[in-house]
Protein chains: 2
Amino acid sequence: MPTPRRAALPPRLASAEPGQGVTLADVALAAKVSLATASRVFSHPQLVREATAQRVHEAARRLSFRPNLLGAKLRAQRTRIVGVMLPTLDNAVFAECWRGIEESAMAAGYSLMLVTSNYEPARERERVEYLLRHRVDGMVLTVADASNSTVLDQLDRESVPYVLAYNQVSRDAAGHGRHSVSVDNQTSACEGVNALIAAGHRRIAVISGAFTASDRARQRFAGYADAMRDHGLPIREPVNLPSHTASNAPQIQALMAQPDAPTAFFCTNDLLAIGVISDLKRLGLRVPRDVSVLGYDGIALGALVEPPLATVVQPNADIGTQAITQLLHRLDVGSAGADGNATLLPHALRIEGTVSAPAVPA
Amino acid sequence: MPTPRRAALPPRLASAEPGQGVTLADVALAAKVSLATASRVFSHPQLVREATAQRVHEAARRLSFRPNLLGAKLRAQRTRIVGVMLPTLDNAVFAECWRGIEESAMAAGYSLMLVTSNYEPARERERVEYLLRHRVDGMVLTVADASNSTVLDQLDRESVPYVLAYNQVSRDAAGHGRHSVSVDNQTSACEGVNALIAAGHRRIAVISGAFTASDRARQRFAGYADAMRDHGLPIREPVNLPSHTASNAPQIQALMAQPDAPTAFFCTNDLLAIGVISDLKRLGLRVPRDVSVLGYDGIALGALVEPPLATVVQPNADIGTQAITQLLHRLDVGSAGADGNATLLPHALRIEGTVSAPAVPA
DNA sequence: TTGAAAGCGCTAACAC
DNA sequence: GTGTTAGCGCTTTCAA
């Protein structure tokens, strides 16, 4: 029979589970110190004498004391919880990013609360409100469109610290104070398309996710346009595909049936690229022999398929790590007033596998 | 200048942000009701007169009141937070599962806290302790090995409600009271391999993740063994690959160089299968013409590649949905004593694409 | 270095 | 229906 704690505790379930119901007060009592001292042992060890701390630790161990973070958070008016909002985990880009975030946050003693927005602004608002109710100290998020986002406006208004991941805020936005961590979408996309051009392609089409759902897609298309313009090549209208997972053979087929069918595709993300490659294969076309395909993202999976996916690589885990690190730094140091800075992480080009010279040099 | 709230609030930062610092007491004051009534308006609306409720809502709106969940949770001794521990999000299986979990939990008014264990028992223990400190009401988790898991033992000991996802607890474990939601790994794997055999294959090899890191892998191998034994075919030692992402061409090559090289591979997960297919292609082998490959998981990506990945499909989002639903039901109804029940969800076979008859009928 | 005491924001008896 | 009151578990002045 477990030692009965406390004389009588009517509304509390008399649990036999260790840790359950054992409070800091119990520990203090057992260690014959005050509640305050017991608390200090855990939050400000340097303020308490070594011997005393030992006694408290010992008592805590004996009672299987497990701190109730709720009490601490409520009182401290700081939750040490960071809210994370990502569009979806179904795209490996964000799953990889999460890994970076989780690792760094845990190491820094912060907790996380993850929500996904599914690229929908309405859901973004709902989820952000949810995070706010949990009194997260700050947020790391990727929004559909950073340049026109009601959630970001709200966060700014309420001065909730946050760092954007993947969304690249324009440098000249003049003091909106938005922090972001991303690659340079436009420049990197431009370089990718340049590589396509260097390989001999002149008829290059863009397959993209919905522009409204992703400012990245827009920026990457702009990079494509830059490259084409720089080389005096015709800029084609992008093909906006709604979803990653559906087969879009019809659209691709229509494109390939035209007399000036593209010899290369630039897809604004890797998942799209993988789908396009399959669609091309189903049309009897070989990649890269008949058509080249360039993706964007650098998800691990791309290196796993054969031929490996040519792509513009962004450091996904790093983006997460950097974003959370910057946020935690701001939270800890409290440089809330610091002006927004857009961190640009280096990207890389992986031009191989699904990209080669066009069959018939244009 | 914003209307100053409260006479003086020394330690509190006089913030101009809406919602920040506005408490239920402020709302009660503004609505000229007691704190208790204000609280009831939100938690037990049926206990308060309509007109009063209106006044409170109005005041809340005017003051931009945002409930502080921390206070509620601390007092209520129920957090309405569920901890979720998954091995990794890098495998789409779990990312898809998360979607199901998030959707259902949000709809039911529960919050989530996600952690990943990376298949490491040590990290499982650490992360579970972390969740426990947050006083989650229960957990949905996938552990490396459910039949030998210190975290599960701990959870049982502390009678923390939980439901396993993917881990399939043996039915005859006699009252350990473990709840789980999964497909029948062994049976489904057996069926998959049977399909391979039906297609004409007799030399079938298994490529698997580390058995120690996944009880599912072991169960699926057992299913393979069943099928082979049933047909009087030789059971081969499994090839255990450490990671999903690395190329394992050497091992595959060695296998294929043998005189009795397999004509088909059964991979215990889809990611592995995709890697194996690439490795085979790099060896100059065509899939499925020269070698067939069967995966396991049914991740969306598998249908996206060409040829589509033949696989044993499990309902990933459903596994998440069911697991969380069962847990929430237990939390709400409180049938804590109910004996563990292993829910088996239906699987499906997708035999096409990467599986065909062997080139040289054995 | 330690203790006493006052809450953080909210809910839930218990009265009226 | 509504108000009064007593905390949930913890941190943190302020004194000693």
Side-chain angles (χ1 to χ4, degrees), chain A residues 5-6 8-13 15 19-29 31-56 60 63 65-81 132-135 137, chain B residues 5-6 8-13 15 19-29 31-56 60 63 65-81 132-135 137:
Chain A
R5 284 183 298 275
R6 294 181 169 205
L9 44 175
R12 206 154 160 195
L13 15 74
S15 56
Q20 293 293 87
V22 177
T23 75
L24 197 53
D26 298 323
V27 174
L29 205 64
K32 300 197 201 306
V33 295
S34 74
L35 174 57
T37 300
S39 172
R40 282 193 274 260
V41 168
F42 295 103
S43 17
H44 302 289
Q46 72 283 10
L47 293 185
V48 61
R49 201 200 304 145
E50 178 62 27
T52 318
Q54 281 309 326
R55 286 219 314 285
V56 172
L63 299 180
F65 168 66
R66 175 146 52 218
N68 184 333
L69 264 26
L70 252 33
K73 290 173 189 319
L74 177 58
R75 168 62 222 230
Q77 295 294 82
R78 275 190 75 187
T79 57
R80 291 189 158 269
I81 298 179
L132 256 15
R133 290 185 175 202
H134 279 284
R135 291 299 191 271
D137 288 340
Chain B
R5 285 184 298 275
R6 294 180 168 205
L9 44 174
R12 209 152 158 192
L13 14 76
S15 55
Q20 294 292 88
V22 177
T23 76
L24 197 52
D26 298 323
V27 174
L29 205 64
K32 299 197 202 307
V33 296
S34 73
L35 174 58
T37 299
S39 170
R40 282 191 277 259
V41 168
F42 294 104
S43 19
H44 303 288
Q46 73 282 10
L47 293 184
V48 63
R49 201 201 302 147
E50 179 62 27
T52 317
Q54 282 308 328
R55 285 221 314 286
V56 172
L63 299 180
F65 168 66
R66 173 147 52 217
N68 184 334
L69 264 26
L70 251 34
K73 290 175 190 315
L74 177 58
R75 169 63 223 229
Q77 295 294 83
R78 275 190 75 188
T79 56
R80 292 191 158 271
I81 299 180
L132 256 15
R133 290 185 175 202
H134 280 283
R135 291 301 191 270
D137 288 341

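Lettering follows sequence order; numbering is per chain, from 1.
Comparing D/dC10, C/dT2, C/dT11 against the side chain of A/Thr37 picks out C/dT2 as the nearest. Counting only heavy atoms from C-beta on, A/Arg49 has its side chain closest to C/dT2 among D/dT2, C/dT2, D/dG9. Closest to the A/Arg75 side chain, of the nucleotides D/dC10, C/dT11, D/dC8, is D/dC10.
Taking the side chain as every heavy atom from C-beta outward, B/Val41 and B/Thr52 never approach each other to under 4.5 Å. Side-chain contact between B/Arg135 and B/Gln77 is absent, with no heavy atoms from C-beta onward closer than 4.5 Å. Contact of the A/Arg80 side chain with the A/Asp137 side chain is registered, since non-hydrogen atoms from C-beta on lie closer than 4.5 Å. The shortest side-chain heavy-atom distance between A/Ile81 and A/His134 does not fall under the 4.5 Å cut-off.
For A/Ser39, no side-chain nitrogen or oxygen approaches OP1 or OP2 of D/dC10 to under 4.0 Å. Taking only side-chain nitrogens and oxygens, A/Arg40 never comes nearer than 4.0 Å to OP1 or OP2 of C/dT1. Regarding contacts with the backbone of C/dG3, a side-chain N or O of A/Ser34 is found under 4.0 angstrom from either OP1 or OP2. Contact annotation: A/Gln77 does not reach the phosphate of D/dC10 (side-chain N/O to OP1 or OP2, under 4.0 Å). Listed pair A/His44 / D/dT12 meets the phosphate criterion, a side-chain N or O lying under 4.0 Å from OP1 or OP2. Between C/dT2 and A/Thr52, a contact under 4.0 Å exists linking OP1 or OP2 to a side-chain N or O.
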I'd like to know whether B/Leu24 forms a side-chain contact (heavy atoms from CB on, under 4.5 Å) with B/Leu35, so could you lay out the CA-CA distance, the side-chain angles of the two residues, the decisive distance to 0.1 Å, and finally the verdict.
CA-CA 7 Å; B/Leu24 197 52; B/Leu35 174 58; 3.9 Å; yes
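Atom CG of A/Leu24 and atom P of C/dC8 are 20 Å apart (whole Å). Atom CD of A/Gln46 and atom P of D/dT11 are 13 Å apart (whole Å). B/Leu47 has its CG atom 15 Å from the P atom of C/dC14, to the nearest Å. Between the P atom of C/dG9 and the CG atom of B/Leu29 lies a distance of 15 Å, rounded to the nearest Å. Here D/dT11 presents its C1' atom at 13 Å from CG of B/Leu74, a figure rounded to the nearest Å. Atom CG of B/Asn68 and atom P of C/dC8 are 12 Å apart (whole Å). Between A/Arg135 atom CZ and C/dC10 atom C1' the separation is 11 Å, expressed in whole Å. The distance from atom NZ of A/Lys32 to atom C1' of C/dT2 is 16 Å, rounded to the nearest whole Å.
Residue contacts shown for B/Leu69 are absent, as no nucleic acid heavy atom lies under 4.0 Å away. Among the protein residues, B/Leu70 comes within range of no part of the nucleic acid, since none of its heavy atoms lies under 4.0 Å from any strand. Among the heavy atoms of the strands lying under 4.0 Å from A/Ala36 is at least one base atom, whether or not backbone atoms are also near.
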